[in-house]
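Data block below; observations after.
Positions are given from 1 along the sequence. Small disclaimer: the values here were computed from a predicted structure and weren't measured.
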Amino acid sequence: MGADVDRERRRATIDATAIPRARPSTPSPEPHVNVVVFGASGMVGHGVLRACLLDPAVTSVLVVGRGPLGVTHPKLREVIHQDLTDLSALSGQLAGLDACFFCVGVSAAGRTEAEYTRVTHDFTLAVAAAVSRRNPGITFAYVSGEGTDSTERGRTMWARVKGRTENALLAMEMDAYMFRPGYIQPRHGAVSRTPAYRVMYTLTSWLYPLLHRIAPGHTTTTEHLGRAMLAVARPPAARPGGANPRVLDSREINRLGA
């Protein structure tokens with residue numbers, strides 16, 4: 001029941017943003033890009049998918065997930081795949097990509113380090129290896145989190161695992177960017193899949209303007225995050241401000257996603 005409601009909400013909020021096909025006589029001012037999104041069913045992934053469907057510079061969007069989104073759009077193609085540690089069956093479909101937006105994530109609450117590592121580290125690196133092998137130089141945008149521990153030696157388990165994941169991605173042969181948002185305000189129907197987070201967002205949504213005014217460097221929205229991830233996928237000459245840092249906090253995310 002809950003999954004059906006989420007699909008209906010996602011269909012309504014994303015389909016409503018569908019843009020008309022560009023007229024042949026009006027060339028796009030930016031190079032077209034082909035992207036793949038992992039984790040589009042989550043709160044952050046919803047924002048990223050919406051940004052991709054709205055942006056005329058994005059030619060095609062491939063979504064890889066464990067179930068259908070219930071969304072239709074001329075640019076969108078879905079592939080159902082269960083095991084992110086083995087993408088060999090998708091090898092042909094992962095070719096010809098310019099960017100990969102990896103938004104898969106789970107809460108560390110109630111999970112052992114081994115369980116959290118499998119989803120956060122192992123899934124991420126397996127996907128990165130698969131897409132970079134087929135697309136040398138691909139832009140890989142990874143949603144990490146504020147407080148991530150790059151030393152990999154801190155006391156906080158999730159921060160260590162995220163730090164280890166980030167370091168491994170940055171060492172790979174691809175154009176990798178780590179996004180470290182703090183508080184993320186859902187927009188345009190985006191809903192967290194974690195029940196406790198859904199309650200928190202419901203109770204605090206009216207406070208977001210005040211939170212952002214008080215702590216602009218620690219707050220952002222799913223809309224800004226989606227647009228910022230698209231921004232780093234553009235060639236340097238077409239990016240706001242040119243080259244961007246490899247690790248982006250909420251302040252950088254808001255700058256790029258404005």
Can you list the residues that meet the side chain to side chain donor-acceptor pair (under 3.5 Å) rule with Glu78, with sequence neighbours excluded? none

Which atom names give the shortest non-hydrogen contact between [X] and [Y], and what distance separates them?
{"X": "Ile138", "Y": "Ser132", "result": "CG2-CA, 4.0 Å"}
{"X": "Val232", "Y": "Thr139", "result": "O-CG2, 3.8 Å"}
{"X": "Ala168", "Y": "Leu125", "result": "CB-CD1, 3.6 Å"}
{"X": "Arg111", "Y": "Ser107", "result": "NH1-O, 2.6 Å"}
{"X": "Ala141", "Y": "Met229", "result": "CB-CE, 3.5 Å"}
{"X": "Leu90", "Y": "Val79", "result": "CD2-CG1, 3.5 Å"}

Look only at the side chain of [X] and the backbone of [Y], and say whether a donor-acceptor pair between them is shorter than 3.5 Å.
{"X": "Lys75", "Y": "Val61", "answer": "no"}
{"X": "Arg134", "Y": "Ala95", "answer": "no"}
{"X": "Thr148", "Y": "Gly145", "answer": "yes"}
{"X": "Asn34", "Y": "Thr59", "answer": "no"}
{"X": "Asn135", "Y": "Val131", "answer": "yes"}
{"X": "His81", "Y": "Asp86", "answer": "yes"}
{"X": "Asn167", "Y": "Ser150", "answer": "yes"}
{"X": "Asp122", "Y": "Leu84", "answer": "no"}
{"X": "His46", "Y": "Val48", "answer": "no"}

Any chance you could measure [X], atom [atom1], to [Y], atom [atom2], to the nearest 0.5 Å?
{"X": "His218", "Y": "Ile184", "atom1": "NE2", "atom2": "CD1", "value": "14.0 Å"}
{"X": "Thr222", "Y": "Met43", "atom1": "OG1", "atom2": "CE", "value": "6.5 Å"}
{"X": "Thr117", "Y": "Trp158", "atom1": "OG1", "atom2": "CH2", "value": "13.5 Å"}
{"X": "Leu248", "Y": "Ser144", "atom1": "CG", "atom2": "OG", "value": "11.0 Å"}
{"X": "Leu97", "Y": "Phe140", "atom1": "CG", "atom2": "CZ", "value": "11.5 Å"}
{"X": "Arg251", "Y": "Arg180", "atom1": "CZ", "atom2": "CZ", "value": "15.5 Å"}

CA sep, side-chain torsions, deciding dist, call: Phe101, Val143, side chain to side chain contact (heavy atoms under 4.5 Å, CB included): CA-CA 8 Å; Phe101 301 139; Val143 181; over 6 Å; no

Student check: side-chain heavy atoms of [X] and [Y] closer than 4.5 Å:
{"X": "Val104", "Y": "Thr124", "answer": "no"}
{"X": "Glu223", "Y": "Arg50", "answer": "yes"}
{"X": "Leu49", "Y": "Leu69", "answer": "yes"}
{"X": "Thr220", "Y": "Tyr183", "answer": "no"}

Any ion pair linking Asp175 and Arg246 (charged N to carboxylate O, less than 4.0 Å)? yes

Under 4.0 Å between a side-chain nitrogen and a carboxylate oxygen: does that hold for Glu166 and Lys162? no

Step by step, would you call Thr85 with Arg118 a side chain to side chain contact (heavy atoms under 4.5 Å, CB included)? CA-CA 9 Å; Thr85 63; Arg118 174 172 170 75; 4.0 Å; yes

Kindly write out the residues that satisfy salt bridge (charged side-chain N to carboxylate O under 4.0 Å, His left out) with Glu113, not counting sequence neighbours, or none if the list is empty. Arg160

By salt bridge (charged side-chain N to carboxylate O under 4.0 Å, His left out) - contacts of Glu252 (at least two apart): Arg255

Do other residues, nucleotides or ligands put more than 12 heavy atoms under 6.0 Å from Glu173 CD? no

Assess the residue pair Arg133 and Leu87 against the criterion (side chain to side chain contact (heavy atoms under 4.5 Å, CB included)); give the C-alpha distance rounded to whole Å, side-chain angles, the decisive distance to 0.1 Å, and a yes or no. CA-CA 11 Å; Arg133 185 163 50 247; Leu87 297 175; over 6 Å; no

Fit a plane to each ring of Phe102 and Phe38, take the angle between them on a 0 to 90° scale, and name the class: parallel (under 30°), tilted (30 to 60°) or perpendicular (over 60°). tilted

Can you check side chain to side chain contact (heavy atoms under 4.5 Å, CB included) on Arg227 and Asp55, steps first, answer last? CA-CA 9 Å; Arg227 291 201 299 248; Asp55 195 320; over 6 Å; no

